[in-house]
Amino acid sequence: MRMFTISSIAPTLRRIDARAFQIVALAFLLSAGVLRWHFVIDPLQMLLCFSSALGCQWILGRWAKKKTFNWMSPWITASSLLLLLKCNALWSHPLAAALAIGSKFVFRWKGKHFFNPANFAIVICTLLLPCWVSPGQWGREILLISFTILVGSGVTQRAQTWWVSLGFLLSFATLLGARIAYLEYEWTIWLHQLSNGVLLIFAFFMISDPKTTPRSTQGIFVHGLAVAVLGFFFIFHEYEFNGLLYSLFLLAPTVPLLDRHLSSRAIG
């Protein structure tokens, strides 16, 4: 009888599209959110959101004369929107999905997306529509934190973008720690601030998008540090709790500059 070992299945795992792992991870988080953490998501909202994302991808793909239909990318985008964006109106999520997918085709730079699609839609919707992001819905449960870090690390490493997440998290955690030390707060507050579902999903599933991150090692760390610093300023100086999302949106134009002026050698 043939024995299955890690070494024997490794080649098969390497052939699987990295986005498949991300779809599974986001599906688990979405299911756990609805069943365990009681996220208020109408089933019709989910259906409309996924339908809008897939439909827009198909229509715009035909317009752009794409040879194949890429269903994984819009599915990931719709999952991210359902996890982070809260809206009461049924039309808000499908509109957000359309904005997200549309941004991929409209805002492009040398084969890359200018904006992370989900980030673009969330920022536009929270500014212009009755939509919001609710960090409190995740709670502070160790199961959520551990699973998000574990799966997020696996997904980003499989996609070879885990350095992006690591650089950002180290930068943001350092800023939070410096603030705690300066204000002489208890260090349990530091752990509490890091134990945030939105922060972890942002780190492992949004800022690490390979289509919107710098190509070089230097660019990756400069970009992660810049997003962390600007997000920190928004959160603690402007009291804008969506600061990290706005920071990534506003700093999107710097990625082409980093690609142009810094070394093209990337982390392998």
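In this structure the side chain of L248 never reaches within 4.5 angstrom of the side chain of F168, judged on heavy atoms. Contact annotation: the side chain of F69 approaches that of L54 to within less than 4.5 Å [non-hydrogen atoms, C-beta and beyond]. Counting heavy atoms from C-beta outward, L82 and F50 have side chains that approach closer than 4.5 Å. At a threshold of 4.5 Å between non-hydrogen side-chain atoms, the residues F172 and V229 do not count as touching. When side chains are defined from C-beta on, P117 counts as touching D209, because their heavy atoms get closer than 4.5 Å. Taking the side chain as every heavy atom from C-beta outward, I23 and W71 approach each other to under 4.5 Å. Contact of the S79 side chain with the L81 side chain is not registered, since no non-hydrogen atoms from C-beta on lie closer than 4.5 Å. Contact of the K112 side chain with the D259 side chain is registered, since non-hydrogen atoms from C-beta on lie closer than 4.5 Å.
Once rounded to the nearest 0.5 Å, the distance linking SG of C125 with NE2 of H93 reads 8.5 Å. We find the CG-CD1 distance between L262 and I220 to be 11.0 Å, quoted to the nearest 0.5 Å. Atom CG of N119 and atom CG of L84 lie 10.0 Å apart (nearest 0.5 Å).
The ring pair (Phe, Tyr, Trp, His ring centres under 6.0 Å) test applied to Y246 returns no partner, not counting sequence neighbours. Shown here are the ring pair (Phe, Tyr, Trp, His ring centres under 6.0 Å) partners of F236, two or more places apart in sequence or in another chain: F232. With sequence neighbours left out, the side-chain hydrogen bond (donor to acceptor under 3.5 Å, both in side chains) criterion links S73 to K104.
Here the closest non-hydrogen pair linking G167 and F221 is CA-CE2, 3.9 Å. The two residues V255 and P214 come nearest to each other via the heavy atoms CG1-N, 3.8 Å. Listed here is the closest heavy atom pair of V227 and S247: O-OG, 2.9 Å. Taking every heavy atom of both residues into account, M206 and A118 meet most closely at CE-CB, 4.1 Å. Nearest approach of G102 to L60, heavy atoms of both residues: CA-CD1, 3.7 Å. When every heavy atom of S52 is checked against every heavy atom of A98, the shortest pair comes out as OG-N, 3.6 Å.
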Next on the checklist: Please determine whether side-chain contact (heavy atoms from CB on, under 4.5 Å) holds for the pair F249 and L127, giving the CA-CA distance in whole Å, both sets of side-chain angles, and the decisive distance to 0.1 Å.
Outcome noted: CA-CA 12 Å; F249 178 88; L127 290 176; over 6 Å; no
Item to check | Evaluation steps, side-chain contact (heavy atoms from CB on, under 4.5 Å), between L30 and I41 | outcome: CA-CA 10 Å; L30 189 57; I41 303 176; 3.8 Å; yes
Item to check | Audit row: K66, W58, side-chain contact (heavy atoms from CB on, under 4.5 Å) steps and yes/no | outcome: CA-CA 9 Å; K66 299 285 186 180; W58 185 82; over 6 Å; no
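If you run side-chain contact (heavy atoms from CB on, under 4.5 Å) between I180 and each of L175, T188, I189, only I189 comes through. Residue H223 forms a side-chain contact (heavy atoms from CB on, under 4.5 Å) with just one option from L258, V164, T212, and that option is L258.
Under the 4.5 Å side-chain heavy-atom criterion for grouping Ile, Leu, Val, Met, Phe, Trp and Tyr, F233 is connected to I207 within one hydrophobic cluster. The same ILVMFWY cluster, assembled from side-chain heavy atoms under 4.5 Å apart, contains both Y185 and L194.
The six-membered or imidazole ring of F120 lies near that of F107, with a centre-to-centre distance under 6.0 Å.
W187 and W190 have perpendicular rings, their planes meeting at more than 60° on a 0 to 90° scale where under 30° would count as parallel.
When atom types are taken as modelled, the side chain of E240 and the backbone of G231 share no donor-acceptor pair closer than 3.5 angstrom.
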